[in-house]
Amino acid sequence: MDVSQYLEIFIDESNEHLQNLSDGIMILEKEPDNSDTINEIFRAAHSLKGMAGTMGYKRMQNLTHDMENVFSEVRNGNIKVDSRMVDVLFQCLDALEQYVNNIQETSDEGTDDNEPIIKALNSFIVNNEDKGVLPEEAKKEEAPAEEKKEESTDVAGTYARYNNMVFADFEKNAVNEAIEKKMNVFIIKVSVDENCILKAARAFLVFKNLEGHCDIIKSEPSAQDIEDEKFELDFSIVVVTEESYESIVGIIKNVSEIKDAAGEAITTPFADEDDKEEKQDTPKQEEKKDESETKPSAPVTAKKQAPAANNNKAGKTVSHTVRVDIEKLDVLMNLVSELIIAKNGLVSASVSEDGTTSVNQKFGEQIEYLERVTTNLHESVMKVRMMPIESVFAKYPRMIRDLNKKLGKKMELYMSGEETELDRTVIDEIGDPIMHLLRNSADHGLESAEIRAERGKPEVGSIWLDAYQEGNNVVIEVRDDGNGIDVEKVKQKAVEKGNLTQEQADALTEKEAIDLLFKPSFSTSDKVTDVSGRGVGLDVVKSKIEALGGDVEVKTKYGEGSTFSIRLPLTLAIIQALMVKVGEEKYAIALGSIETIEDVPVSEIKYVHAKEVINLRGNVIPLIRLRELLDVPGEPEGSDNIVIVIVRKGDKLAGLVVDNLIGQMEIVIKSLGKYININRMISGATILGDGSVALIIDANTLV
């Protein structure tokens, strides 16, 4: 079978499973007895193994198979999770990630068998067997299991009333296998309160709460019927578990508006097909057998069939999700862009030079309708392209854990705003800059334990990674409670490296000194390590963020910590903009950057350090005359008032002096290309309705 057509799906799903494994192992390191996490990791490893086997990647399959074996023992309580095991598991993840990267680049997993890692994994099982833990533990556990079954039969023996429950062959097999493995199989009748309004919701909560405690191999009525509320006041389930009858019934009864739950244990296996007729005469026994199947098939059957509301809802969600190649979305976005340009052309054509409408009313109404449709279409396409930043944030806790061990510092990462959404193209590019900022905080920012103790700080350093939306921008902040930036040390390093003379260094402001950190190959580290010292990190941050149309801002206080703020546009393609006129030239300013527009008398302009400012409602705002900055030909018309567009970047304001305002317009950003050497204040160009081109001013670079 040709599996190449499934390669993209395999890579996407493998990356998802690897991230789930990484998250799970991080939790497991802090909570080694968390059974839900152990089960989640086991399932992820099992899924990866199956996918790799289907695609023919044997090395990847072998490694995940050994991981699955270890977690099977952990799940059964035969092996305890410790820090050594966590280290080995992370090595496994790194190896699996390398396999996936190789497959993505060459469609082949490579030739590395990762024998040392496989040996380390198997040593956990071998060492455990050598200690003789497995056989004795197993015997001790088996005896009580049988006693429990007997006990529960006695306790609930009066509930053998399920003679009309019909079992399929695979359900019978599941019961039989569970009984062979000394597992508990219970058939339980659940009664809902007669005053309950949402019966299906209560049934869903029953299934949800039982997750992790047992596997449900059958329900009567069926899962779909329960979800559709096609049952009276009770339903029956058959479960396989290692827990006691009392424990399972207790979980069910804890759900509000569940009136009662009672049943019995199934201890006798189902008979062979040949004995079917005989068994029909003894319905009570047959049901007991039915419910006794459970363990091996249980995980699979339960997932696919039983947890009524839960699994079916999950299924519905998945069926409404489609994986789409980002290139197809790019094509769609380009078409929407062209549609908006065409719409702007129609609007322009419908207005005469004196500003009056030159078309009949009906045509004007259709143009307005077209405007609404294109705006909604644009918003819909943008929503499709938006992704939560969580997909980027998820990999950093593991990185901080590794740095914790590598640098010998105790540190904790706190994250917020993972649900904040960004354009997919930005998401793909933002990972590296954030990684470098976090490494910078861990290595340069946080002090050693001794210095922290001297300063009265907690032994464990804190790093915060926050994301939030601010207007039409997303702000990502990396903060730490570390040393802060030693500006004098930065100046000294610049002099040592020959970047500046001593006189130049002494004349630098704090902001200018901090900006030196973003220069290529500049580093304050005394030695080069695999974490820092090459002067690459902050240079990458600055160049990447600026390429995405964003900017980086630094706030620091020596001895207390630093904050690096990345500000990014929500979208890189289509924006709402204010069109302005400077001389005879038209320019666009992104609406998201604009705070307000003011008409100010010339007499109110003051001078501070020979620079023009205005005092606006208590704020002193510097003025920037775009005519001079852009070298626009001609002289401005004499007037008693000037038009000022107040723009904001973070907590800073500036006033852009323009000649005239044209109005708000939805514009498509077109790149000027890397061959046009133009000032950074111009972020691109747009095509106007009359076919002319207007440059887009990046207000962030002017504030």
Side-chain angles (χ1 to χ4, degrees), residues 36 148-149 151-168 171 174-175 178 184-241 243-267 280 282-294 298 301-317:
D36 288 343
K148 282 176 192 166
K149 285 179 192 170
E151 231 177 274
S152 23
T153 308
D154 294 338
V155 172
T158 56
Y159 290 93
R161 300 176 297 187
Y162 309 97
N163 52 338
N164 52 356
M165 187 179 274
V166 179
F167 286 77
E171 293 165 344
V175 172
N184 296 327
V185 185
F186 302 123
I187 181 165
I188 299 171
K189 185 174 184 177
V190 182
S191 300
V192 183
D193 192 288
E194 57 192 14
N195 296 319
C196 177
I197 299 171
L198 300 171
K199 295 186 294 182
R202 296 303 163 196
F204 167 75
L205 287 175
V206 169
F207 287 118
K208 186 73 178 166
N209 290 359
L210 287 175
E211 275 183 22
H213 296 278
C214 64
D215 290 308
I216 304 172
I217 61 167
K218 183 169 180 62
S219 66
E220 184 67 45
S222 68
Q224 187 62 53
D225 285 347
I226 290 177
E227 184 182 2
D228 295 340
E229 227 170 70
K230 292 178 182 175
F231 67 101
E232 295 301 324
L233 292 174
D234 51 54
F235 59 92
S236 302
I237 54 173
V238 180
V239 304
V240 175
T241 181
E243 297 184 24
S244 67
Y245 169 83
E246 289 77 11
S247 169
I248 298 299
V249 168
I251 291 168
I252 297 172
K253 286 183 176 179
N254 277 339
V255 176
S256 62
E257 294 192 292
I258 293 297
K259 184 178 180 182
D260 194 18
E264 63 183 349
I266 299 176
T267 53
Q280 281 170 356
T282 55
K284 185 171 177 179
Q285 277 190 334
E286 183 179 12
E287 281 167 41
K288 288 186 182 179
K289 293 166 194 168
D290 289 63
E291 286 136 317
S292 349
E293 274 184 284
T294 298
T301 313
K303 289 284 167 209
K304 289 185 182 173
Q305 172 144 342
N310 184 29
N311 283 329
N312 284 323
K313 288 190 183 199
K316 284 184 179 176
T317 305

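Keep in mind that what you see is a predicted model, and the values were worked out from it rather than measured.
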Least distance between heavy atoms, [X] atom then [Y] atom:
| X | Y | result |
| --- | --- | --- |
| Lys253 | Ala261 | CE-O, 3.4 Å |
| Phe186 | Ser244 | CE1-C, 3.9 Å |
| Glu229 | Ala200 | OE2-N, 3.1 Å |
| Lys259 | Val192 | CB-C, 4.1 Å |
| Tyr245 | Glu264 | CE1-N, 4.2 Å |

> Checking side chain to side chain contact (heavy atoms under 4.5 Å, CB included) for the pair Val206/Ile258: CA distance, chi angles, key distance, verdict?
Replying inline: CA-CA 9 Å; Val206 169; Ile258 293 297; 3.9 Å; yes
>> Could you walk me through whether Val190 and Val255 satisfy the side chain to side chain contact (heavy atoms under 4.5 Å, CB included) test, starting with their C-alpha distance in whole Å, then the side-chain angles of each, then the deciding distance to 0.1 Å, before giving a yes or no?
In response: CA-CA 11 Å; Val190 182; Val255 176; over 6 Å; no
>> Keeping Thr241 on the side-chain end and His213 on the backbone end, is there a donor-acceptor pair under 3.5 Å?
In response: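 Pair found, side chain donor or acceptor close to backbone of His213.
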>> Test side chain to side chain contact (heavy atoms under 4.5 Å, CB included) on Phe235 and Asp225; report intermediate values, then the result.
In response: CA-CA 10 Å; Phe235 59 92; Asp225 285 347; over 6 Å; no
Would you compute the distance between atom [atom1] of [X] and atom [atom2] of [Y] and round it to the nearest 0.5 angstrom?
| X | Y | atom1 | atom2 | answer |
| --- | --- | --- | --- | --- |
| Ile248 | Leu210 | CD1 | CG | 6.0 Å |
| Ile237 | Ile216 | CD1 | CD1 | 5.0 Å |
| Ile188 | Cys214 | CD1 | SG | 7.5 Å |
| Leu205 | Ile251 | CG | CD1 | 13.5 Å |

Side chains of [X] and [Y]: does their closest heavy-atom pair fall under 4.5 Å?
| X | Y | value |
| --- | --- | --- |
| Phe207 | Ile226 | yes |
| Leu233 | Ser191 | no |
| Glu220 | Val238 | no |

